[in-house]
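We use all heavy atoms of the structure for the numbers below, so side chains are in, but hydrogens, waters and symmetry mates are not.
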Amino acid sequence: MPFTPFDLNGLRLPNRLVMAPMTRSRAYVDGIPSSLTALYYAQRASAGLIVTEGIQPSHAGKGYMNTPGLHTDEQVAGWREVTDAVHTAGGRIFAQLMHAGRIGHPDNTGHVPLAPSAVRPAAQIFTPTGPQDVPVPVELSTGEVEATVQDFADAARRAVEAGFDGVELHGANGYLIHQFLSQNANLRDDRFGGSAEGRIRFAVETARAVTEAIGSSRVGIRISPATGAQDLVEDDAHEVYPALVSALAELDLAYLHLLTGPSDELNARILELWPNTLIVNDPSAAHPAEAVERWLSRGADLVSLGQYFLANPDLPLRLRLGAPLNEPDLSTAFGGDHRGYTDYPPLALHPAGNPA
């Protein structure tokens, strides 16, 4: 089953394996993908679907050093080289749109991070002078929240212009959309805060604006319920996430990308509520084959894999053959040159098609 085709709203995927989004911090200072980025993604075009690293929808959405954007013409042109390379290699690729929110530092971006509320996370971030504490962010006004929704919609239009097959909204891992969902990062008293209905509003309005911009068949969203990411507290996740998933289901999105959390009961409830394509990423799995088997048997349509796609550009072939896997070198995961980026070797095969 992992190697059978799948129809994602008219986009034919040759297998059920998705390359998960992974920050690589190798963009140029102006947010343009580096000259190696096209090669990196094209090498992994045998994935059923590639979801890119997080791409900021505006300069205000940047948090880390050397991350790419989709808010200037030059960035669009840079991503066009990437999507052309992936499509030439036979692949399919979605852009993950990510606003870092309160996870940032002025030394990286030139501005104080923006967030739902002025609450500093107990976290550090790497800067040009080394690790530093994340500062207290600036609370977005109601008007600025509404403008940020439009930033996502504008970036989605630019993604289509750049040749992407669709976009994924990053509502996970402690970044802006996730921060709005959280009870300790979102202390607002306007319509974007307070109750569960208020705290899911930013995610839902952003998804709605993006679907209106490029069509719901091209839009997915990633969530990571109650994972404690980036110092977030979600004690009421069993109330918030069913409400969120139900509201998103009404928008007829292409997919929901679930990064499983510690509550299997909540994971199961989300599977039950979501009517469209479901992608699952299970960080607890000891081996990618284990994650694939577990979640396809539980009702997921697709399974995303991260670090093993990083280290194995031909991961679907290796899993199909039961071949050995390259181990990822995490010392080269963030920043740097081709080492640990485009130099992981593909599987060497005998003429008969068996591993050497």
Side-chain angles (χ1 to χ4, degrees), residues 11 21-42 44-45 49-89 91-101 104 106 108-111 113-114 128 140 143-170 175-177 205-221 254 335 337 341-342:
L11 183 65
M22 291 175 283
T23 297
R24 301 310 308 272
S25 297
R26 281 172 165 85
Y28 297 124
V29 175
D30 50 10
I32 298 172
S34 79
S35 57
L36 288 173
T37 305
L39 174 60
Y40 167 71
Y41 284 114
R44 290 152 179 82
L49 177 67
I50 294 170
V51 183
T52 71
E53 62 212 274
I55 304 172
Q56 53 255 16
S58 63
H59 180 68
K62 182 176 180 178
Y64 298 100
M65 295 190 300
N66 301 117
T67 53
L70 255 175
H71 51 90
T72 71
D73 292 342
E74 293 77 14
Q75 291 163 357
V76 170
W79 281 114
R80 170 60 77 172
E81 294 183 17
V82 175
T83 60
D84 283 349
V86 170
H87 291 146
T88 298
R92 301 132 300 274
I93 185 168
F94 271 42
Q96 189 192 66
L97 301 181
M98 168 188 153
H99 190 305
N108 291 348
T109 64
H111 61 80
L114 305 174
L140 291 158
E144 287 170 335
V145 175
E146 294 166 347
T148 302
V149 170
Q150 291 308 308
D151 287 341
F152 276 96
D154 291 342
R157 293 187 188 93
R158 287 185 176 273
V160 172
E161 182 184 350
F164 284 102
D165 297 299
V167 303
E168 175 180 288
L169 302 177
H170 196 352
Y175 299 112
L176 186 67
I177 293 175
E205 290 197 1
T206 298
R208 180 179 294 111
V210 171
T211 63
E212 290 172 354
I214 65 171
S216 62
S217 66
R218 290 175 159 179
V219 182
I221 187 168
D337 53 21
Y341 192 48
T342 58

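- Taking each heavy atom of Val210 and Ala156 in turn, the nearest pair found is CG1-CB, 3.7 Å.
- Residues Ala95 and Ala159 share a closest heavy-atom pair of CB-CB, 4.3 Å.
- Although no hydrogens or angles enter the test, the distance criterion places no donor-acceptor pair under 3.5 Å between the side chain of Thr206 and the main chain of Val149.
- Within the 3.5 Å criterion, the main-chain N or O of Ala45 finds a donor-acceptor partner in the side chain of Arg92.
- In this pair, Tyr41 and Trp79 present their aromatic rings tilted. The plane angle is within the 30 to 60° band.
- For the pair Leu11 and Phe94, the minimum side-chain heavy-atom distance is below 4.5 Å.
- Annotation: the span from Met22 atom CE to Gln96 atom CD amounts to 11.0 Å, rounded to 0.5 Å.
- Using cut-offs of 30° and 60° on the angle between ring planes, the pair Tyr40 and Tyr341 is parallel.
- Under the 4.5 Å side-chain criterion, counting only non-hydrogen atoms from C-beta, Arg44 is not in contact with Val86.
- Between Leu97 atom CG and Leu176 atom CG the span is 12.5 Å, to the nearest 0.5 Å.
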Inset, instruction - Step by step, work out the side chain to side chain contact (heavy atoms under 4.5 Å, CB included) result for Val160 and Arg218. - result: CA-CA 9 Å; Val160 172; Arg218 290 175 159 179; 3.3 Å; yes
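- In this structure the side chain of Pro21 reaches within 4.5 angstrom of the side chain of Glu168, judged on heavy atoms.
- If you check the side chains of Tyr28 and Gln75, you find no donor sitting under 3.5 Å from an acceptor.
- Under the 4.5 Å side-chain criterion, counting only non-hydrogen atoms from C-beta, Leu70 is in contact with Val76.
- Remark: Thr148 OG1 to Asp154 CG distance equals 11.0 Å, nearest 0.5 Å.
- Asp165 has its side chain within reach of His87: a pair of non-hydrogen atoms, C-beta onward, lies under 4.5 Å apart.
- Ion pairing between a basic and an acidic side chain is recognised when a charged N comes within 4.0 Å of a carboxylate O; Asp84 and Arg80 show such pairing.
- Across all non-hydrogen atoms, the minimal contact from Pro57 to Met98 is CD-O, 3.3 Å.
- Between Arg26 and Asp337 there is no salt bridge, since none of the side-chain N atoms of the basic residue sits less than 4.0 Å from a carboxylate O of the acidic one.
- Here the OG atom belonging to Ser25 is positioned 8.0 Å from the CD atom belonging to Glu53, to the nearest 0.5 angstrom.
- Rounded to the nearest 0.5 Å, atoms CD1 (Ile221) and CG (Leu169) are 5.0 Å apart.
- When every heavy atom of Ser217 is checked against every heavy atom of Ala254, the shortest pair comes out as O-CB, 3.3 Å.
- Between Pro33 and Val82, the shortest heavy-atom contact is CB-CG2, 4.3 Å.
- No donor-acceptor pair closer than 3.5 Å links the side chain of Asn108 to the backbone N or O of Tyr64.
- Side-chain contact check for Thr67 versus Lys62: some heavy-atom pair is nearer than 4.5 Å.
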